[in-house]
Amino acid sequence: LAAAILSRVTSHAVRKETRELPMVTVVIAAYNEEDVIGATIENKLALDYPKDKREILVISDDSTDRTDVVVECFADRKVRLLRQSPRAGKTSALNMAVPHASSESIVFSDANSIYASDALKKLVANFADPDVGYVTDKMIYANPDGTPRGEGCKAYMRYENWLREIETRLGSVVGVDDGIDAI
């Protein structure tokens, strides 16, 4: 409540711009995600963003299933597979992948995150403001058929998203759901 009140007194408006779209690298960390990684990559390839300004890096954290095989099927569509071995966890995988990015803007996705078609444009528009270095968006947890998950989850995410909006007005963000964030 204190943050909500303070955000009404001091507001940091973010200057957003989408005229000049930057090159973007989408980094996806995966461990044994053969069931979902193909759909996630297809989703990222279908986003409303110029194909010549987007690349996708999938970092396999020593997957033992067919994750790597599925990812390699997308090699001809600007999707690169990196492999971390031995397994060292998501944070280590992301840290390993970032130096391989060929762009200044990096978007992090979970292996099962499906984005709205305009998600990349909305994320990078925030970087037009020189004070912005990190951006996140709203996560909506859904069942496989697309319906929202239980009432408790929906209520919690409404609270989290409300809190992020307040933090944004204060010029900061404390916590994010790392299925859709960018630096």
Side-chain angles (χ1 to χ4, degrees), residues 21-124 126-127 132-146 149 153 156-157 160-161 164 172-183:
L21 295 173
M23 179 69 182
V24 172
T25 301
V26 178
V27 177
I28 304 169
Y31 171 71
N32 288 352
E33 301 286 355
E34 72 177 295
D35 293 339
V36 296
I37 195 67
T40 299
I41 293 170
E42 286 289 357
N43 168 254
K44 302 309 176 279
L45 291 169
L47 295 176
D48 180 18
Y49 206 85
K51 292 175 184 8
D52 63 329
K53 292 195 171 203
R54 177 200 60 221
E55 73 171 343
I56 299 170
L57 299 179
V58 178
I59 177 77
S60 174
D61 189 16
D62 206 17
S63 293
T64 58
D65 66 355
R66 296 185 68 252
T67 296
D68 298 4
V69 174
V70 173
V71 174
E72 288 174 338
C73 291
F74 293 93
D76 61 337
R77 295 170 68 190
K78 275 186 113 171
V79 177
R80 287 191 291 155
L81 173 67
L82 303 171
R83 187 163 171 84
Q84 174 172 263
S85 186
R87 185 164 185 235
K90 181 178 180 180
T91 301
S92 177
L94 295 176
N95 287 336
M96 181 187 155
V98 167
H100 294 273
S102 62
S103 63
E104 191 172 297
S105 297
I106 301 173
V107 174
F108 299 102
S109 172
D110 283 343
N112 62 351
S113 292
I114 302 298
Y115 289 3
S117 64
D118 61 351
L120 286 184
K121 284 182 178 177
K122 285 184 173 181
L123 284 169
V124 301
N126 294 278
F127 294 127
V132 174
Y134 184 75
V135 179
T136 188
D137 203 347
K138 294 179 183 176
M139 287 289 291
I140 300 170
Y141 291 91
N143 294 310
D145 66 0
R149 287 206 181 150
C153 185
Y156 177 75
M157 287 314 301
E160 278 288 320
N161 290 327
R164 287 183 198 142
S172 182
V173 63
V174 176
V176 299
D177 186 324
D178 59 358
I180 182 167
D181 53 328
I183 57 172

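Numbers for residues simply follow the sequence, beginning at 1.
- Residue S105 comes nearest to V124 through the heavy atom pair CB-CG1, 4.3 Å, listed as atom of the first residue, atom of the second, then distance.
- Residue R80 qualifies as enclosed at atom CZ: its count of foreign heavy atoms under 6.0 Å is above 12.
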* **side-chain contact (heavy atoms from CB on, under 4.5 Å) between S113 and I180, intermediate numbers included** => CA-CA 8 Å; S113 292; I180 182 167; 6.0 Å; no

Run the numbers on M23 and S102 for side-chain contact (heavy atoms from CB on, under 4.5 Å), then give the verdict. CA-CA 8 Å; M23 179 69 182; S102 62; 3.9 Å; yes

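- With Y31 as the aromatic partner, K90 does not meet the cation-pi criteria of under 6.0 angstrom to the ring centre and within 45 degrees of the ring axis.
- The line from CD1 of I56 to CG of L81 is 12.5 Å long, rounded to the nearest 0.5 Å.
- Taking every heavy atom of both residues into account, P99 and N95 meet most closely at CD-O, 3.1 Å.
- The shortest heavy-atom contact between D61 and A88 is OD1-N, 2.9 Å.
- With hydrogens and angles ignored, the 3.5 Å screen pairs no side-chain donor or acceptor of S109 with any backbone N or O of I28.
- S103 places a side-chain N or O within 3.5 Å of a backbone atom of T25 that can act as its donor or acceptor partner.
- Considering CD1 of I106 and CG of L123, their distance stands at 13.0 Å, rounded to 0.5 Å.
- The two residues A97 and V27 make their nearest non-hydrogen contact at CB-CG1, 3.7 Å.
- Judged by distance alone, with hydrogens and angles left aside, the side-chain atoms of R54 form no donor-acceptor pair with the main-chain N or O of V26 at under 3.5 Å.
- Rounded to the nearest 0.5 Å, atoms CE (M96) and CG (L82) are 5.5 Å apart.
- Checking side-chain atoms of N32 against main-chain N and O of T64 turns up a donor-acceptor pair under 3.5 Å.
- Note that NZ of K44 is 13.0 Å distant from CZ of R77, once rounded to the nearest 0.5 Å.
- Residue I183 comes nearest to F108 through the heavy atom pair CG1-CE1, 3.9 Å, listed as atom of the first residue, atom of the second, then distance.
- Using modelled atom types and a 3.5 Å distance limit, the side chains of D181 and Y134 yield a donor-acceptor pair.
- Considering every non-hydrogen atom in both D68 and S63, the closest pair reads OD1-CB, 4.0 Å.
- The closest side-chain heavy-atom distance from L21 to P50 is below 4.5 Å.
- Separation of atoms CG (L45) and OG1 (T40) is listed at 11.0 Å; rounding is to 0.5 Å.
- Screening Q84, R83, R87 for a side-chain hydrogen bond (donor to acceptor under 3.5 Å, both in side chains) involving D62 leaves a single residue, R83.
- Of the possible donor and acceptor atoms, one in the side chain of D65 sits under 3.5 Å from a partner among the backbone N and O of T67.
- We find the CZ-CG distance between R66 and D35 to be 10.5 Å, quoted to the nearest 0.5 Å.
- Between F74 and E42 there is a side-chain heavy-atom pair separated by less than 4.5 Å.
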